[in-house]
Amino acid sequence: KAGVTQTPRYLIKTRGQQVTLSCSPISGHRSVSWYQQTPGQGLQFLFEYFSETQRNKGNFPGRFSGRQFSNSRSEMNVSTLELGDSALYLCASRGLSTNEKLFFGSGTQLSVL
Amino acid sequence: KNQVEQSPQSLIILEGKNCTLQCNYTVSPFSNLRWYKQDTGRGPVSLTIMTFSENTKSNGRYTATLDADTKQSSLHITASQLSDSASYICVVSDGGTAGNMLTFGGGTRLMVKP
């Protein structure tokens with residue numbers, strides 16, 4: 001069974017640009033959640049999607065948005081990039097129960113210059 | 001405000017030794033507590049998940065304990081190996097009706113030396 005796949009693995013952008021990151025969950029998983037990880041702030045929850053609907057949202061500005069498609073694949077978009085957006089962006093998928101473990105992808109390392 | 005505090009921030013031990021990592025939380029309501037292992041440059045991997053009624057759970061050389069009364073958890077690593085060098089992250093779910101709100105600890109960075 002294939003794991004969670006995130007693309008691209010690395011990305012370099014400049015301030016003001018926008019970026020789209022992609023996440024393919026484990027087959028059969030309908031929940032996809034996104035996280036930002038920085039050395040200073042650690043892991044922070046961005047949002048969670050289930051069956052194409054956003055169920056939860058963390059405390060991030062509106063520049064951070066996401067969506068989920070009917071095949072459960074998800075994309076995350078960050079507009080008007082700032083230097084502080086440089087981070088490892090992780091997505092995770094899980095089964096139906098909120099008590100099930102999360103399976104994380106390897107992440108997209110975003111650098112904003 | 002929900003918070004998860006981990007200690008120590010970093011730890012160096014010799015191969016073959018045991019160690020214990022701590023996690024204190026103030027998350028309400030409580031649904032479950034998870035420990036993850038994260039290798040550098042990779043996504044976290046689940047080690048254990050414990051609900052309110054569970055006070056210990058093992059996964060190989062990893063044993064997690066939970067005291068829901070004092071809101072403390074620990075992760076004990078037995079007979080450490082070089083491959084245990086990683087960050088260990090404690091995560092608490094509040095089990096809110098909206099879904100699965102997670103609060104992450106800052107992690108403990110463990111280095112195992114030969």
Side-chain angles (χ1 to χ4, degrees), chain A residues 2-7 9-10 21 23-26 29-51 53-60 68 87-111, chain B residues 1-10 21 23 25 27 29-54 57 59 62 64 66 68 86-109:
Chain A
V4 177
T5 304
Q6 289 189 247
T7 57
R9 186 75 176 91
Y10 301 95
L21 313 181
C23 173
S24 293
I26 289 174
H29 285 184
R30 288 157 61 185
S31 166
V32 173
S33 49
W34 288 89
Y35 305 85
Q36 181 194 67
Q37 187 174 33
T38 59
Q41 297 293 323
L43 264 165
Q44 293 182 282
F45 170 74
L46 279 157
F47 28 66
E48 179 189 16
Y49 286 87
F50 185 87
S51 294
T53 301
Q54 187 180 91
R55 284 217 301 200
N56 275 311
K57 191 177 191 310
N59 190 25
F60 277 82
Q68 187 180 33
L88 179 66
Y89 289 90
L90 293 159
C91 88
S93 73
R94 62 170 173 85
L96 290 176
S97 168
T98 55
N99 283 337
E100 290 190 42
K101 64 182 177 181
L102 294 172
F103 292 86
F104 284 85
S106 293
T108 293
Q109 184 67 54
L110 171 65
S111 296
Chain B
K1 183 185 174 185
N2 289 341
Q3 284 189 310
V4 176
E5 302 284 342
Q6 290 187 244
S7 62
Q9 279 191 319
S10 61
L21 314 181
C23 172
Y25 62 92
V27 175
F30 175 86
S31 176
N32 58 67
L33 185 145
R34 308 155 184 242
W35 283 95
Y36 285 88
K37 176 188 178 188
Q38 185 176 22
D39 294 315
T40 302
R42 311 294 296 180
V45 173
S46 178
L47 293 174
T48 62
I49 301 176
M50 290 182 290
T51 59
F52 185 88
S53 59
E54 298 173 295
K57 185 163 277 191
N59 179 357
Y62 301 100
L66 173 64
S87 289
Y88 292 84
I89 303 170
C90 175
V91 188
V92 181
S93 171
D94 69 4
T97 55
N100 187 37
M101 293 297 293
L102 303 179
T103 303
F104 293 83
T108 292
R109 188 160 191 83

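Throughout, a chain's letter reflects where its sequence line sits, starting with A, and its residues are numbered from 1. Fair warning: this is a prediction, and the values are worked out from it, not measured in the lab.
- If you measure heavy-atom distances from Gln37(A) to chain B, the contacts under 4.5 Å come from the side chain alone.
- Among all heavy-atom pairs drawn from Leu102(B) and Tyr35(A), the shortest one is CD1-OH, 3.6 Å.
- With a 4.5 Å cut-off on non-hydrogen atoms, Thr48(B) does not touch chain A at all.
- Here Arg9(A) is the residue among Arg9(A), Gln6(A), Gln44(A), Gln109(A) with the most heavy-atom pairs under 4.5 Å with chain B.
- When every heavy atom of Leu90(A) is checked against every heavy atom of Gln38(B), the shortest pair comes out as CD1-NE2, 4.1 Å.
- Comparing Gly105(B), Ser87(B), Pro44(B) by how many heavy-atom pairs each has under 4.5 Å with chain A, the most go to Pro44(B).
- Of the inter-residue distances, the one linking Leu88(A) atom CG with Thr40(B) atom OG1 reads 11.0 Å to the nearest 0.5 angstrom.
- Contact check for Tyr36(B) versus Leu43(A): no side-chain heavy atoms found under the 4.5 Å cut-off.
- For the set Ala92(A), Ser106(A), Ser31(A), Gly42(A), the count of heavy-atom pairs under 4.5 angstrom toward chain B peaks at Ser106(A).
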